Amino acid sequence: MFNEKGTGWFVSSHVRDIRPSGIRTFFDLNAAGGDTIALGVGEPDFVTPEKVREACIQALREGQTKYTSNAGLMELREEISAYFSGSFALSYDPEQEMIVTVGSSEAVDLALRAVIDPGDEVLIPAPSYIAYEPITHLHGGKIVEVADTEEEQFKLTPQALQVAITPHSKVLMINYPCNPTGTVMTEQDWLPITEFIIKHNLVVISDEVYAELTYGRKHASIASLPGMKERTIVISGFSKAFAMTGWRVGYACGPHELIAGMLKIHQYTAMCAPTIAQIAALESLQIAALESLRHGLAAKDEMMASYNERRKLFVAGLNAIGLACHEPEGAFYAFPSITSTDMSSEQFALRMLKEAKVAVVPGHVFGSGGEGFIRCSYAASLVDLEKALERMGRFMQVMQPV
């Protein structure tokens with residue numbers, strides 16, 4: 001018989017301390033909300049291309065259902081290596097410096113587990129993606145937020161790092177283009193940051209899953225700068241730019257010793273990413289390579305043109321209704337300020353959902369730097385974005401602070 005503490009007593013204190021995902025909380029509320037326009041979950045509204053789906057179906061017909069190598073299909077790793085070399089001027093050995101994972105989320109988990117010892121400090125710019133803090137906590141790391149401010153357009157600065165650094169700091173966890181702010185770091189932005197990183201001997205985990213989604217400029221990976229490749233794990237995947245969220249294929253590239261450490265953990269947990277999903281990912285890259293030779297990544301360019309149109313319409317609309325918003329240069333998120341309403345981001349998002357039937361994510365879930373903002377995904381149709389702006393505008397007109 002269980003005592004009065006119940007079965008919850010058996011749950012690890014590390015797990016009990018973790019808050020449920022704020023994004024998924026609002027996703028679940030929206031699922032029960034009827035005629036609600038969802039601007040919460042960051043998922044492309046494009047379907048995975050037909051040729052990619054057909055490659056998966058063919059693989060099933062051929063019985064390709066066995067395990068792959070723990071590190072992933074060699075053909076896929078070779079294609080990723082070629083893709084990185086052509087797109088980001090980075091060269092990685094597909095045999096020694098790369099691992100295919102179950103989405104980029106597993107890659108983040110593996111990277112943090114591979115480098116954190118209990119008590120190590122992980123510097124995390126805030127606001128940032130919600131998973132970094134709980135994963136750090138689970139593995140015994142100490143979370144230290146680095147302030148990315150609206151005044152700096154949410155860019156990471158050496159001044160903010162200097163405020164946060166201590167002798168116990170070991171890891172800098174970054175995500176640019178940024179979820180939730182849409183901020184992009186240029187090569188000039190990175191240069192003083194890299195000097196700081198090298199001076200303080202930090203290892204960098206760089207989540208670049210939105211690298212292909214930039215507007216008017218090319219993505220600059222921090223790993224491509226002098227002295228950084230040997231201390232950086234670059235993480236990416238197929239979910240965002242290739243419209244393959246449900247396939248769960250990601251990857252990590254980095255120094256052999258760090259990738260080998262990640263592979264040890266991966267062997268005992270996931271074993272390998274799903275075989276047919278890897279085959280589909282390989283098809284995506286092969287199609288991309290052919291399009292690049294023929295007409296400049298046509299499918300990606302078409303998708304980006306659509307996102308750019310939505311971005312301009314939605315950000316202009318937010319500013320017009322009184323929700324001040326800086327112009328995002330990457331990803332597919334707008335991060336408007338709601339400070340004029342005298343409400344917390346949680347209060348605002350709940351009232352917006354209930355009264356305007358528009359689902360957004362309160363900024364506080366992205367760290368202390370996110371309070372006073374909401375995240376809106378514009379990876380939705382133009383029709384839905386226009387409807388959402390109309391509803392949000394009416395809400396702003398009649399809303400009274402609580």
Side-chain angles (χ1 to χ4, degrees), residues 22-50 52-53 177 179-182 209-210 212-216 238-247 297-338 341 345 348-363 373-399:
I23 296 175
R24 281 289 158 179
T25 297
F26 274 79
F27 178 83
D28 293 340
L29 286 171
N30 169 55
D35 180 31
T36 301
I37 298 173
L39 305 181
V41 177
E43 181 170 37
D45 64 331
F46 297 96
V47 176
T48 304
E50 184 177 1
V52 177
R53 288 179 276 141
N179 173 9
T181 65
V209 75
Y210 295 98
E212 292 88 349
L213 304 181
T214 57
Y215 309 97
F238 293 83
S239 290
K240 310 300 182 179
F242 294 90
M244 294 182 67
T245 50
W247 298 81
L297 283 173
K300 173 183 170 293
D301 289 347
E302 184 178 334
M303 182 173 67
M304 284 302 299
S306 178
Y307 282 146
N308 196 28
E309 182 181 8
R310 302 175 200 189
R311 176 182 70 112
K312 291 178 179 178
L313 176 142
F314 192 65
V315 172
L318 289 172
N319 284 300
I321 64 175
L323 292 173
C325 185
H326 79 286
E327 183 172 299
E329 295 185 311
F332 39 58
Y333 305 109
F335 202 60
S337 170
I338 52 97
T341 68
S345 59
F348 185 93
L350 285 170
R351 287 191 64 183
M352 178 72 76
L353 180 63
K354 182 179 179 180
E355 299 171 33
K357 297 293 185 182
V358 177
V360 298
V361 181
F373 300 85
I374 56 172
R375 192 194 77 174
C376 310
S377 169
Y378 52 84
S381 70
L382 283 172
V383 171
D384 279 348
L385 291 175
E386 289 171 343
K387 286 182 181 177
L389 287 169
E390 183 180 348
R391 293 182 185 186
M392 294 169 81
R394 288 199 303 266
F395 175 77
M396 290 294 291
Q397 287 176 356
V398 302
M399 175 272 303

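Computed from a prediction, not measured in an experiment: that's the story for all the values here. Numbers here are sequence positions counted from 1.
Under the rule for a side-chain contact (heavy atoms from CB on, under 4.5 Å), the partners of E355 that lie at least two apart in sequence or sit in another chain are R351, F395. Take E309 and apply the side-chain hydrogen bond (donor to acceptor under 3.5 Å, both in side chains) test, not counting sequence neighbours, and it matches no residue. Taking R53 as the reference, V47, T48, E50, W247 meet the side-chain contact (heavy atoms from CB on, under 4.5 Å) condition, with sequence neighbours excluded.
Atom-to-atom distance recorded for C325:SG and Y333:OH is 14.0 Å, nearest 0.5 angstrom. With values rounded to the nearest 0.5 angstrom, M352 atom CE is found 13.5 Å from K357 atom NZ. Summarising the geometry, atom CZ belonging to F314 is positioned 10.5 Å from atom CG belonging to N319; distances are rounded to the nearest 0.5 Å. Summarising the geometry, atom CG belonging to L313 is positioned 9.5 Å from atom CG belonging to L318; distances are rounded to the nearest 0.5 Å. Here the straight-line distance linking atom CG of L385 with atom CZ of R310 works out to 7.0 Å at 0.5 Å rounding. To the nearest 0.5 Å, atom CG of residue L323 and atom CD1 of residue I374 are 5.5 Å apart.
Counting only heavy atoms from C-beta outward, the side chains of Q397 and I321 never approach each other to under 4.5 Å. When side chains are defined from C-beta on, V41 does not count as touching S377, because their heavy atoms never get closer than 4.5 Å.
Closest non-hydrogen pair, P44 versus A243, comes out as CG-CA, 4.3 Å. Summarising the geometry of A349 relative to P362, their closest heavy-atom pair is CB-CD, 3.9 Å, with the distance given to 0.1 Å. Among all heavy-atom pairs drawn from D45 and A380, the shortest one is OD2-C, 3.7 Å. Taking both residues in full, the closest heavy atoms of A388 and I37 are given as N-CD1, 3.5 Å, listed atom of the first, atom of the second, then distance.
A tilted orientation is assigned to the rings of Y215 and Y378, their planes being inclined by 30° to 60°. Relative orientation of the F46 and Y307 rings is perpendicular, given thresholds of 30° and 60° on the angle between their planes.
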Inset, instruction - In sequence, state the C-alpha distance, the side-chain angles, and the governing distance for L213 and M303, and then conclude on side chain to side chain contact (heavy atoms under 4.5 Å, CB included). - result: CA-CA 9 Å; L213 304 181; M303 182 173 67; 4.3 Å; yes
Inset, instruction - Take V358 and K387 through the side chain to side chain contact (heavy atoms under 4.5 Å, CB included) test and state the conclusion after the steps. - result: CA-CA 9 Å; V358 177; K387 286 182 181 177; over 6 Å; no
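Checking side-chain atoms of R375 against main-chain N and O of T181 turns up no donor-acceptor pair under 3.5 Å. Distance alone, capped at 3.5 Å, places no donor-acceptor pair between the K240 side chain and the F332 backbone.
Under 4.0 Å is where a charged nitrogen must lie from a carboxylate oxygen, and between E327 and R311 at least one such pair does.
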